[in-house]
Protein chains: 2
Amino acid sequence: MHHRHSYWKDKLKGSGCRLTLPRRVIFEVLNSTTKHLSAEDIYFMIHKKYPGIGLTTVYRTLDMMVRMGLVDKFDFGDGHSRYELLEAQDKQHHHHLICTKCGKVVDYTDFIKEEIALVKQTEEGLSKKYNFKINSHVTQFYGLCDKCKK
Amino acid sequence: MHHRHSYWKDKLKGSGCRLTLPRRVIFEVLNSTTKHLSAEDIYFMIHKKYPGIGLTTVYRTLDMMVRMGLVDKFDFGDGHSRYELLEAQDKQHHHHLICTKCGKVVDYTDFIKEEIALVKQTEEGLSKKYNFKINSHVTQFYGLCDKCKK
DNA sequence: AATATTAATGAAAATGATTTTCAATAGCAA
DNA sequence: TTGCTATTGAAAATCATTTTCATTAATATT
């Protein structure tokens, strides 16, 4: 785990950014959950212990982490952006399965292998045909979860 | 073309909705472009000829068309929802390639065949494993277009 | 065609997530 | 310890979208 901590701290310092309490706290929250938290979620989670940290700072910090390539930002269509730590080395590429009723999100890695091959092939084809430099892709499935199906 | 018109008009009537001027105008705009318009885009496009049609109505009409399954709503990450007519019979399933700098969007259908197979397989697997009823999926590629690559 | 019913409309106000502003604070290099 | 300046929190601003509500217009009925 330590290597992961130093990784982002170094990256921060390297860009002339400072290692502050809010940044450490927000990183820790992201680092200790598998959930897809919104800025507000994080704000409330840390507010009891760190009432001094404002929602503005949470937004700013998440933004910074996204720009640094440390965090991924997702939109599941419910009006709140969600943030997820990209654990550089050991995190598997995964996609999302979203319940449109209750908002439940499942990370799945099934079929990812086949998909990676297809995506790579698609990326190459599209890059060539449309002259795009492709940087990322999103695949999401929407539906009703176990409970919401009734 | 006529069959397409009657299709949506019938669907409208069928749900006890009325065929109004704003609805006809907004449908026509969507029906005569391949672009991915936002509510505001549509509002400005029709404003000269129909200054009486308000932005609120554009939003309401688009919403209704989405609920009716006539229109698809997309989020390309620029803070504006985009709307696209689903031309029931002849529209090919397609995905989007989005330039993160200028916002240019390319519809592509390349590799769609392979993808459909994979998606079907994934859907079945996920449905079973996670007990989801999957209704739709989104695949988008993000990158830099020809010009923005420089 | 005239009328009655009620869905649909537009203007203005409200909402709510996110951003910006700005004066005060706190990392960190010297 | 000091000084520089990045970072912060609070409050205000933004801005896409929604809601409210009195008015208008589509359509079924007469």
Side-chain angles (χ1 to χ4, degrees), chain A residues 6 8-27 29 36-68 70-83 103, chain B residues 6 8-27 29 36-68 70-83 103:
Chain A
S6 19
W8 84 274
K9 291 183 181 174
D10 289 353
K11 204 159 184 178
L12 212 86
K13 298 288 189 71
S15 338
C17 297
R18 291 174 183 174
L19 185 53
T20 65
L21 178 67
R23 287 172 182 177
R24 262 181 281 126
V25 171
I26 291 165
F27 181 90
V29 168
H36 309 79
L37 302 173
S38 67
E40 216 186 13
D41 289 339
I42 295 172
Y43 172 72
F44 284 124
M45 284 172 76
I46 64 184
H47 189 262
K48 196 160 212 167
K49 194 159 175 193
Y50 301 96
I53 299 179
L55 183 54
T56 307
T57 297
V58 175
Y59 274 110
R60 271 191 293 233
T61 302
L62 290 170
D63 240 43
M64 187 188 80
M65 288 177 172
V66 169
R67 280 198 312 274
M68 283 172 50
L70 211 80
V71 164
D72 243 11
K73 182 179 182 178
F74 290 98
D75 178 0
F76 295 154
D78 66 345
H80 298 257
S81 292
R82 309 286 174 152
Y83 301 85
Chain B
S6 21
W8 83 274
K9 289 181 181 173
D10 290 352
K11 204 158 186 178
L12 211 86
K13 298 287 188 74
S15 338
C17 296
R18 292 172 181 175
L19 186 53
T20 65
L21 177 68
R23 286 172 184 178
R24 263 182 280 126
V25 171
I26 292 164
F27 181 90
V29 168
H36 308 79
L37 303 173
S38 67
E40 216 186 12
D41 289 339
I42 296 172
Y43 172 72
F44 283 124
M45 284 171 78
I46 64 184
H47 189 262
K48 196 161 213 165
K49 194 158 178 197
Y50 302 96
I53 299 180
L55 183 54
T56 307
T57 297
V58 176
Y59 274 110
R60 271 192 292 231
T61 302
L62 290 170
D63 239 44
M64 188 189 78
M65 290 178 169
V66 170
R67 277 198 314 272
M68 283 173 51
L70 211 82
V71 163
D72 244 11
K73 182 179 182 179
F74 289 100
D75 178 1
F76 296 155
D78 66 344
H80 298 256
S81 292
R82 307 288 174 151
Y83 300 85

[X] has an atom [atom1]; how far is it from atom [atom2] of [N], in whole Å?
{"X": "B:L55", "N": "C:dA8", "atom1": "CG", "atom2": "P", "value": "19 Å"}
{"X": "B:R67", "N": "C:dA7", "atom1": "CZ", "atom2": "P", "value": "14 Å"}
{"X": "A:M64", "N": "D:dA6", "atom1": "CE", "atom2": "P", "value": "14 Å"}
{"X": "A:L12", "N": "C:dA29", "atom1": "CG", "atom2": "P", "value": "12 Å"}
{"X": "B:I53", "N": "D:dT23", "atom1": "CD1", "atom2": "C1'", "value": "17 Å"}
{"X": "B:D78", "N": "D:dC15", "atom1": "CG", "atom2": "C1'", "value": "13 Å"}
{"X": "A:K13", "N": "D:dT7", "atom1": "NZ", "atom2": "P", "value": "12 Å"}
{"X": "B:I42", "N": "D:dA16", "atom1": "CD1", "atom2": "C1'", "value": "14 Å"}

Could you tell me which residues satisfy side-chain contact (heavy atoms from CB on, under 4.5 Å) with [X], sequence neighbours excluded, listed by chain and number?
{"X": "A:D78", "result": "A:H80, A:R82"}
{"X": "A:L19", "result": "A:W8, A:K9, A:L12, A:K13, A:R24"}
{"X": "B:Y43", "result": "B:H47, B:L55, B:V58"}

Sorted by position of nearest nucleotide on DNA chain D, 5' first, the leading residue of B:Y83 and A:V58 is A:V58
With nearest nucleotides of DNA chain D determined for A:G52 and B:D63 from heavy-atom distances, which residue corresponds to the more 5′ nucleotide?
-> A:G52
Output yes when at least one side-chain N/O atom of B:S81 is less than 4.0 Å from OP1 or OP2 of D:dT17, else no.
-> yes
Hey, what do you get for OH (A:Y59) to CD1 (A:I42), rounding to the nearest 0.5 Å?
-> 10.0 Å
Applying salt bridge (charged side-chain N to carboxylate O under 4.0 Å, His left out), name anything that partners A:D63, two or more places apart in sequence or on another chain.
-> A:R67
With sequence neighbours excluded, tell me which residues meet salt bridge (charged side-chain N to carboxylate O under 4.0 Å, His left out) with A:D72.
-> none
Close residues, residues 15-26 of chain A, relative to DNA chain C [heavy-atom separation under 4.0 Å] | A:R18, A:L19
Check whether the ring centres of A:F74 and A:H36 lie less than 6.0 Å apart, and answer yes or no.
-> no
Looking at the side chain of B:Y59, which of D:dT18, C:dT18, D:dT20 is the nearest nucleotide?
-> D:dT18
From the candidates C:dT20, C:dT9, D:dA16, the one with an atom nearest any side-chain atom of A:T56 is C:dT20
